[in-house]
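Step one of this worksheet: look at the structure below.
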Amino acid sequence: MRLAREIARHDKLYHDADTPEISDADYDALVRENRELEERFPHLVRADSPSKRLGAPPTSALAKVAHARPMLSLENAFSADEVEEFVARVKRFLALPADAFVAMTAEPKIDGLSCSLRYEGGELVLAATRGDGAVGEDVTPNVRTIGDVPELLPGEGRGPGAPAGAADAAPWAPAFAGEQVIEIRGEVYMSKADFEALNARQEAAGGKIFANPRNAAAGSLRQKDPSITAARPLRFLAHGWGELSEPLADTQYEAMKRIESFGIPVADLLVRCNSAEEMLAHYRAIEKARADLPFDIDGVVYKVDRLDWQERLGQVARAPRWGLAHKFPAEKAETTLEAIDIQVGRTGKLTPVGRLTPVGVGGVIVANVTLHNRDEIARLGLRIGDRVRIQRAGDVIPQVVENLTRDEPRPAYEFPTRCPECGSEAVAEEGEVDVRCTGGLICPAQRFERLRHFVSRGALDIEGLGEKSLAEFIELGWLHSPADIFRLHAHRADLLGREGWKEKSVDNLLAAIEAKRRPDGPRFLFGLGIRHVGIVTAKDLLKCFGTIEELRRAALSEGGQEELSSVQGVGPVVAEAVHDFFHEPHNREALDDLLSEVSPQPFVSDARQTEWSGKTIVFTGSLETMSRDEAKAQAERLGARSAGSVSAKTDLVVAGPGARSKLKKAEELGVRVINEAEWAQIVAEV
Ligand code: IVH
């Protein structure tokens with residue numbers, strides 16, 4: 001929608017260019033208006049709608065910074081076997097005996113976004129996101145607003161949690177020499193409670209709703225304006241380090257304790273383990289504690305404890321050999337399938353949505369689940385009333401993985417054969433899993449998209465009838481089918497009374513509509529939005545049948561599909577789509593209605609012999625009653641060819657206002673030049 005694009009433009013001005021054109025209140029009003037429109041026209045909601053946007057858009061204005069040491073990622077494991085293999089691999093690499101003792105740390109894997117904090121002389125000088133691992137984004141002013149991140153390292157033993165009196169030993173001594181570098185790395189995250197509260201506030205203010213705490217944290221951190229970050233409750237938890245001018249300790253565990261002593265939070269659940277068994281036991285303990293933790297985690301991270309061994313182990317590709325992320329399996333839950341609703345998408349696709357008895361899975365309540373398509377329902381043998389097992393993994397949408405009452409003797413679910421929105425037949429094409437509504441022009445779920453297509457540049461090309469106006473007229477009840485476009489003149493007075501419409505814009509729009517009462521045949525056919533019928537196929541069909549009426553007769557006749565498939569350039573898939581379209585009574589009615597308003601021009605074969613056959617025509621300057629594409633199509637119908645430049649071979653130049661160099665050249669070469677009205681005369685006469 002145009003409004004959505006407008007909001008995106010303001011977002012960009014605000015975040016990237018830092019030059020907002022409108023006040024926050026006006027911006028909020030736009031967002032609210034967009035949301036209301038989307039609620040009224042759910043089929044208009046674009047994937048990039050502001051209401052769907054997760055977090056901040058990538059902000060190109062944040063400065064890039066190269067990391068002093070790369071920020072690595074971790075290899076993932078999903079089973080106990082893989083964890084044992086990791087421990088064995090480490091021992092092999094270090095040439096240790098299989099029964100050697102390799103201490104490892106184990107700690108929660110926080111679901112946030114990694115961030116590197118650079119302290120020079122104990123002072124925070126830079127904070128950067130991970131980026132691609134080598135180069136991140138400078139988020140220093142934003143990170144300075146996070147309470148967990150100290151501006152100054154208080155000096156060892158002087159941070160919160162340090163033993164009482166530790167700071168008194170030499171309170172005057174500088175904790176860090178000026179050249180000392182300490183880069184602390186960890187996760188910026190938002191607690192579950194803060195995330196819920198933020199979304200509630202955002203909802204009340206009509207602002208962005210975040211899908212999960214991770215997205216909320218990312219959107220809040222990657223802001224151009226740190227005051228926005230400051231208003232968001234972000235936290236930080238350290239899990240490692242980058243460049244160090246001096247080692248922190250000899251072991252991972254001790255190093256983390258030192259970081260903690262600087263006053264920077266470190267996970268409580270960090271432990272040191274001496275065997276794979278202990279690591280797995282800690283994994284189970286963390287998994288058990290997961291739901292009660294204040295933040296989202298998605299696994300457990302193991303790290304070789306001895307730092308000299310970490311050094312020797314090094315890295316493979318972009319992950320260290322000394323670390324492993326043991327991920328939690330997808331969370332599952334059991335519930336009842338209470339109903340199956342069918343949603344009709346803008347292309348007419350029928351999507352079954354399972355309505356569930358609400359159940360908690362992995363921290364969220366799930367009440368709806370997509371069942372994808374007819375085949376998926378059959379595969380799971382789903383019927384209303386079945387007990388089902390659902391699963392949700394990380395950000396992935398919930399899915400039904402098992403039907404627990406499949407054996408109960410109840411009849412199978414019958415997938416609808418009629419569209420629930422308009423009652424038209426719903427069919428699946430051979431070899432396709434998706435069932436689609438054939439109601440095309442009359443199905444309300446498809447109406448907006450169809451109308452948009454009908455007036456688009458490649459079809460009727462009605463200037464001034466953009467998405468916003470279409471949505472407005474649909475809402476006013478003025479537009480149900482394409483024929484209504486040609487009756488908009490009846491609403492002229494009402495339209496003049498509406499905001500944003502002036503006499504000139506209304507008259508221009510109505511004139512643009514009137515100019516299309518005799519549309520080009522193939523463009524008209526293409527504009528009907530029959531599946532698989534693009535402009536080339538539309539031409540091929542009309543080349544053969546001449547008129548829409550003839551095409552319809554063929555499609556409805558016995559053996560019509562065969563007749564259609566025999567057309568050059570048309571295969572069985574197109575033939576079936578055309579057949580289905582004309583077979584649907586609603587479409588026939590809508591088409592009759594449309595044909596009572598407009599008269600598509602019969603297609604004249606390219607091979608037609610006219611005095612213009614084989615001639616070359618050049619259109620230049622601006623055309624007022626038709627588009628350039630339309631003019632070219634007219635030339636084609638006369639058997640002529642339209643070219644882009646004037647040469648000695650040009651037979652005719654049609655020049656509109658503003659024509660310059662091509663007109664001059666034509667005059668130099670003595671090529672015949674006519675104006676648009678004269679051209680229209682030729683087209684009408686031939
Ligand atoms: S260690 C070289 N420890 O997970 C290893 N990472 O999948 C650097 N993460 O990019 C990371 N919790 O952003 C480590 N306790 C933890 C972690 C953790 C979350 C993130 C981190 C990393 C990603 C790797």
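Basis for what follows: all heavy atoms, side chains included, without hydrogens, waters or symmetry-related copies. Everything numeric here is computed off the predicted structure, so don't read it as measured data. Counting starts at 1 for both ligands and their atoms, following the listed order.
- Within the listing of ligand 1, atoms 2 (C), 8 (C), 10 (O) sit less than 4.0 angstrom from a heavy atom of L72.
- Contact of the V83 side chain with the M279 side chain is registered, since non-hydrogen atoms from C-beta on lie closer than 4.5 Å.
- When heavy-atom distances to ligand 1 are checked against a 4.0 Å cut-off, E187 comes that close only through its side chain, counted from C-beta outward.
- Ligand 1 has no N or O atom lying under 3.5 Å from any N or O atom of L113, backbone or side chain.
- If you run salt bridge (Lys or Arg N to Asp or Glu O under 4.0 Å) between E75 and each of R321, R89, R318, K327, only R89 comes through.
- With ring centers used as reference points, Y119 lies 6.0 Å or more from F262.
- When only interatomic distances are considered, the shortest N/O to N/O separation between N76 and ligand 1 does not fall below 3.5 Å.
- Under 4.0 Å from ligand 1, the heavy atoms of P108 that appear belong solely to its backbone.
- With hydrogens and angles ignored, the 3.5 Å screen pairs a side-chain donor or acceptor of K303 with a backbone N or O of H239.
- Looking from atom 11 (C) of ligand 1 to the surrounding protein, the closest heavy atom is H239 CE1, 3.9 Å.
- The shell of residues lying under 4.0 angstrom from ligand 1, judged by heavy atoms, excludes A267.
- Polar contact with ligand 1: present for K109 (N/O pair, distance under 3.5 Å).
- Distance from atom 3 (N) of ligand 1 to its nearest protein heavy atom, with residue and atom name: K303 NZ, 3.1 Å.
- The side chain to side chain donor-acceptor pair (under 3.5 Å) with R387 is formed by just one residue from the set T336, T405, T357; it is T336.
- For the pair R69 and E243, the salt-bridge criterion is not met [side-chain N within less than 4.0 Å of a carboxylate O].
- If you check which protein heavy atom lies closest to atom 19 (C) of ligand 1, you get I110 O, 3.2 Å.
- Residue R185 places every heavy atom at 4.0 Å or more from ligand 1.
- With hydrogens and angles left out, the side-chain atoms of S79 and D81 include no donor and acceptor closer than 3.5 Å.
- In this structure, the separation between CD on E187 and OG on S114 is 5.0 Å, given to the nearest 0.5 Å.
- If you check which protein heavy atom lies closest to atom 24 (C) of ligand 1, you get L74 N, 3.6 Å.
- With a 4.0 Å heavy-atom cut-off, ligand 1 is reached by the side chain of E107 but not by its N, CA, C or O.
- Within the structure, the closest approach of P320 to ligand 1 falls below 4.0 Å when heavy atoms are considered.
- The pair E85-R92 meets the salt-bridge criterion, with a side-chain N (NZ, NE, NH1 or NH2) lying under 4.0 Å from an Asp/Glu carboxylate O.
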